[in-house]
Amino acid sequence: MDLLEYMNEKNKETESPLASRLRPSSLDEVVGQEHIIGKDKLLYRAIQADKLSSILLYGPPGTGKTTLAKVIAGTTKAEFLQINATAAGKKDMEAVVAKAKENTGMYGRKTILFIDEIHRFNKGQQDYLLPFVEDGTVILIGATTENPYFEVNGALISRSIIFELHPLSKDNIKSLLLRAVTDGEKGLGSYHAMIEEEALEFLADISGGDARRALNAIELGVLTTSRSEDGCIHITAEVAEECIQKRVLRYDKTGDNHYDTISAFIKSMRGSDPDAAVYYLARMLYAGEDIKFIARRIMICASEDVSNADPQALVVAVQAAQAVERLGLPEARIVLAQAAAYVACAPKSNSAILAIDAAMKYVSSHPNHKIPSYLQDSHYKGAAKLGHGIGYQYAHEFENHYVDQQYLPDEIRDMKFYELSDMGMEKVLKEHLMRIKNGGSNGKENG
């Protein structure tokens, strides 16, 4: 390291953002993620023994992906190289591979390559890395906020261990905030700041498990708040609220949170919890989700999970979808809330989806059972000569508009696909069918 590089590193230690300065230098200093870096866990043991294989670190922003990579950089004997997928091009990757080959060939030294935001690499870029990961030229550490099973080459995934990082707990965030305020070497201890309990609780809650967001807020508060008469900087709840004007939802309309939130929304409607359904609807609307997409999901749920237990649910959902397209926001939020709440409150049945899935499965392996001749079309020329339509009994000519007649092909004449539940309107329909089939008409003709 020359003098210029040394001075740059020293300046980073004092002038870089608080979240960067406070990054731990050892595993024991890392806060949170005990499920993967507890002392008895695989990743902890691999880092401590410097026996790391290729890994993918997956989790929301501010949960410690880059922190873990930096800890590995500080503990490994391998050369640690880092690139960011948003800025790196082919020449950067070629240079990394060339350096790794040099390390292996000339010095017998391993190379760890940390790629931040690896999901930003296109397929071609990921494919380029594959042979070098496979033959051990580089040990890959990829960090991503997106589900790697959606965004990362399947071949890279199969050669890596995936570790999912979770949002930090409130206690984790509080611990980091207190460290930031009191640490005189890396933190803000020299400012003699004091954070009130109410402000601490607020920031720990509002950060949503994102350490970087919490640390940025406390740094802003300390640097912009005047000293009180006692010579200290007091971070009150009012100061904390000014530092974070609004809770920012972690929601990417093409990523994980999109799928997680819509999943929770649908499951809440299915589970007959209108409060949760409206809550998740609000989260999607707040984050800018496409209102037509939301309306489509409500229609699907109305048919899949309510079905004929309340046929009106699908009517409400379809009309809501039409209204949403005509109204737009902000009024569409009311229509969506009405439809979601109705579907959530309606009696539930999945009879329709079970029926069609069972029928589709059967038809896929038995596609050509002959339709009974009396059910076949009799209106075209020559149909009568083939016996089509002969013997068909017209249901409306019989008592209760029902006649005991076989409609399924002979091979499956007694098979059941659609089983009505005892929920809502399906119970009424079930009782009606039982009544007309079990003696209600006996196939007697009207009159």
Side-chain angles (χ1 to χ4, degrees), residues 1 6 8-53 55-82 112 114 116 139 141-145 161 163-195 200-201 203-204 207-222 235:
M1 180 184 294
Y6 174 78
N8 284 336
E9 288 299 317
K10 296 301 289 183
N11 288 337
K12 283 182 181 179
E13 291 177 8
T14 57
E15 296 178 10
S16 58
L18 176 64
S20 179
R21 299 200 310 271
L22 272 184
R23 280 202 173 108
S25 55
S26 70
L27 277 173
D28 294 331
E29 294 178 11
V30 177
V31 174
Q33 312 307 338
E34 294 85 357
H35 65 291
I36 60 171
I37 55 170
K39 290 190 176 181
D40 60 337
K41 301 300 181 182
L42 172 63
L43 185 56
Y44 180 94
R45 300 196 309 270
I47 295 172
Q48 290 290 70
D50 199 9
K51 298 293 184 182
L52 198 69
S53 59
I55 63 173
L56 293 172
L57 302 173
Y58 154 53
T63 52
K65 298 182 294 296
T66 304
T67 291
L68 277 178
K70 296 291 187 183
V71 168
I72 292 168
T75 57
T76 183
K77 294 178 182 177
E79 175 150 5
F80 188 91
L81 304 176
Q82 177 178 351
I112 293 177
F114 173 53
D116 201 7
I139 297 170
I141 301 177
T144 174
T145 56
I161 301 175
F163 292 99
E164 182 177 1
L165 280 68
H166 299 159
L168 273 62
S169 68
K170 282 185 66 174
D171 287 340
N172 291 153
I173 298 293
K174 288 166 70 173
S175 175
L176 286 172
L177 289 171
L178 291 172
R179 181 190 297 179
V181 170
T182 58
D183 190 323
E185 183 179 349
K186 296 180 179 180
L188 304 166
S190 61
Y191 288 86
H192 303 290
M194 301 174 63
I195 182 168
L200 186 66
E201 287 284 341
L203 288 176
S207 62
D210 185 333
R212 189 183 300 111
R213 187 179 305 283
L215 293 173
N216 286 346
I218 196 65
E219 183 176 30
L220 179 62
V222 170
I235 304 299

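Between Gln33 and Lys41, the side chains place no donor N or O within less than 3.5 Å of an acceptor N or O (distance only, hydrogens not considered).
Surrounding NZ of Lys170 are more than 12 heavy atoms belonging to other residues, nucleotides or ligands, all under 6.0 Å away.
Side chains of Ile37 and Val71 form no contact here, defined as non-hydrogen atoms less than 4.5 Å apart. In this structure, the side chains of Ile235 and Val181 stay at 4.5 Å or more apart for every pair of heavy atoms. Residues Leu188 and Leu18 have side chains in contact (heavy-atom distance under 4.5 Å, counting atoms from C-beta outward). Using a 4.5 Å cut-off on side-chain heavy atoms (C-beta onward), Ile139 and Ile55 make no contact. Inter-residue side-chain proximity for Leu52 and Ile141 is flagged as met; some heavy-atom pair is nearer than 4.5 Å.
With rounding to the nearest 0.5 Å, the separation of CG in Asp28 from NZ in Lys39 is 4.5 Å. Remark: Asp210 CG to Asn216 CG distance equals 8.5 Å, nearest 0.5 Å. Atom CG of Asn172 and atom OG of Ser207 lie 10.0 Å apart (nearest 0.5 Å). Atoms OG1 and NZ, on Thr75 and Lys70 in that order, are 13.0 Å from each other to the nearest 0.5 Å. Residue Leu215 holds its CG atom at 12.5 Å from CG of Leu220, rounded to the nearest 0.5 Å. To the nearest 0.5 Å, atoms OG1 (Thr144) and CG (Leu57) are separated by 10.0 Å.
Minimum interatomic distance between Leu165 and Gly64 (heavy atoms only, all atoms of both residues): CD2-C, 3.6 Å. In terms of heavy atoms, Ala143 sits closest to Asp116 at CB-OD1, 3.6 Å. Across Ala204 and Leu177, no two heavy atoms sit closer than the pair N-CD1, 4.3 Å.
Judged by distance alone, with hydrogens and angles left aside, the side-chain atoms of Thr63 form a donor-acceptor pair with the main-chain N or O of Pro60 at under 3.5 Å. Looking only at distances, no side-chain donor or acceptor of Ser175 sits under 3.5 Å from a matching main-chain atom of Asp171.
Sorted by first and then second residue, the pairs that involve residues 21-46 and meet ring-ring contact (aromatic ring centres under 6.0 Å, His included), not counting sequence neighbours, are His35-His166. Residue pairs meeting the ring-ring contact (aromatic ring centres under 6.0 Å, His included) criterion with at least one member in residues 59-82: none, sequence neighbours excluded.
With sequence neighbours excluded, the residues forming a side chain to side chain donor-acceptor pair (under 3.5 Å) with Thr76 are Asp50, listed by chain and number.
Considering Ile218, Leu200, Ile173 in turn, Leu200 is the only one that fulfils the side-chain contact (heavy atoms from CB on, under 4.5 Å) rule with Leu178.
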Legend entry - Evaluation steps, salt bridge (Lys or Arg N to Asp or Glu O under 4.0 Å), between Glu201 and Lys174: CA-CA 7 Å; Glu201 287 284 341; Lys174 288 166 70 173; 2.7 Å; yes

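The residues Arg21 and Glu185 are annotated as not salt-bridged, no charged nitrogen and carboxylate oxygen being separated by less than 4.0 angstrom.
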